[in-house]
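Below: one structure, written as structure tokens.
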Amino acid sequence: MNLVALLVVCALATLRTGANQCTDSVCVVDDQSLRFFAIGDFGGEPIWPWYSPVQKDIAEAMEKLGTERNTHFQIGLGDNFYTTGVTDVKDKRWKDTFEDIYVGDALKRPWYVIAGNHDHRGNVRAEVEYTKMSDRWVMPDLNYTIKYQIGQGAEAKLVQFVMFDAILLLGYMPPKKLWLDAAMELIGIKRHDFAYTDQSESQWAWIEQHLQQSTADYLFVMGHYPVYSIGEHGSTQALIDRMIPLLHKYHVTMYMSGHDHSFQHIQLTENDSQGKPYTVDYVVNGVGSRGDHSTEHKAQLPAGALKWNYPTGWDGGIGNLGLTDGGFTYFEINAQLGQLQFLDKAGNEKHSITFSPRK
Ligand SMILES: *[C@@H]1O[C@H](CO)[C@@H](O)[C@H](O)[C@H]1NC(C)=O
Ligand SMILES: *[C@@H]1O[C@H](CO)[C@@H](O)[C@H](O)[C@H]1NC(C)=O
């Protein structure tokens with residue numbers, strides 16, 4: 001990340017949480033643990049009132065838990081504005097879908113955001129620009145890294161997030177017109193037939209460079225598209241082919257995405273660079289404004305890889321209206337271990353997993 005971008009990230013973090021001390025490369029949290037939310041596909045509705053009832057419930061539950069736990073920040077995993085992103089930094093959607101929904105002091109802390117396919121349908125650079133106008137929206141580029149240090153001295157632990165742009169990486173610019181997208185599906189061109197561009201290779205190189213150089217105790221890779229998914233969109237072959245080997249080679253702690261509107265916990269064990277088995281957690285977290293019950297691509301997953309998913313059962317497809325299911329995740333990471341809780345729209349825990357520092 002360039003220096004200016006880092007300074008913006010850290011200045012905002014300092015501004016909002018007070019307790020954090022940020023230099024140009026890392027924010028130090030003088031605390032026993034790092035606590036944050038991650039939420040995906042929280043882009044509301046493309047029609048009035050521009051948010052979904054589920055999204056509003058989630059925002060309230062986040063604010064409540066954030067106040068209770070004194071969280072440090074939140075992460076947004078893309079599809080920030082349905083269905084065609086924003087037009088510019090003055091678009092009313094900023095207020096109607098984001099600013100007026102995520103209210104309360106706990107949610108005024110930094111929002112580290114990446115773009116999804118729906119953001120790329122609009123003016124995605126305006127989402128980067130908005131960083132300069134907001135006191136909490138942080139998107140210094142389409143891709144960037146964040147580092148947080150827990151504690152000081154010899155006991156300190158480093159948590160790093162590699163935030164990449166899945167649309168740049170996969171070289172797929174979604175059609176600007178929804179009818180075109182629908183027409184493509186109708187004639188059998190799936191949404192995951194990606195076409196590589198020059199930007200894809202530099203994005204892959206950027207990801208690998210950051211993983212290779214990382215000294216973090218907990219290392220997260222976050223992008224909008226899932227590697228594996230049982231949901232409506234299913235798995236992303238290009239990520240299966242090229243992302244999985246990188247994650248296991250560099251001992252990444254967790255890969256997190258949105259895109260399919262469900263929670264999924266998937267675990268894979270693959271050889272690392274020494275030929276030793278290494279397990280990575282894969283999490284789909286796309287229930288920030290609606291919940292999709294689809295499991296139509298379950299057969300695409302390796303046997304036994306799916307550990308848990310939500311929501312379940314038949315709902316006749318109404319989940320995507322944003323009136324019923326949804327949720328968000330809460331992380332608490334300390335020197336010994338990390339915990340990830342999957343919470344429903346009311347803040348009730350549905351499932352939780354723990355993970356250890358990298359070796
Ligand atoms: C984002 O990735 C590109 C390569 O695709 C790289 O040139 C650029 O420096 C990255 N941005 C940041 C802030 O690191
Ligand atoms: C992993 O490495 C072992 C040897 O250490 C080898 O027997 C095995 O086939 C490898 N598995 C894969 C999936 O490459």
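Just so you know, ligand 1 is whichever comes first in the structure, and atom 1 is the first atom listed for that ligand. Heavy atoms only: backbone and side chains are in, while hydrogens, waters and symmetry mates are out.
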Under 4.0 Å from atom 11 (N) of ligand 2, is there any protein heavy atom? yes
Kindly state if atom 14 (O) of ligand 2 has a protein heavy atom within a strict 4.0 Å cut-off, that is, under 4.0 Å? yes
What is the ring orientation for [X] with [Y], classed by angle as parallel under 30°, tilted 30 to 60°, or perpendicular over 60°?
X	Y	value
Tyr282	Tyr255	tilted
Tyr102	Phe98	tilted
His233	His261	perpendicular

Might you confirm whether atom CD of Glu296 has over 12 heavy atoms from other residues, nucleotides or ligands at distances under 6.0 Å? yes
Under 4.0 Å from any heavy atom of Gly275, which atoms of ligand 2 are there? 2 (O), 5 (O)
Under 3.5 Å: N/O of Asn271 near N/O of ligand 2: yes
Using a plain distance cutoff, I'd like to know if [X] has any nitrogen or oxygen under 3.5 Å from a nitrogen or oxygen of ligand 1.
X	answer
Gln199	no
His210	no
Gln203	yes

Counting heavy atoms under 4.0 Å, the part of Asn143 that contacts ligand 1 is both
Ring pair (Phe, Tyr, Trp, His ring centres under 6.0 Å), paired with Phe42, selected from Tyr51, Trp111, Phe328: Trp111
Any chance the side chains of Asn123 and Asp88 put a donor and an acceptor closer than 3.5 Å? no
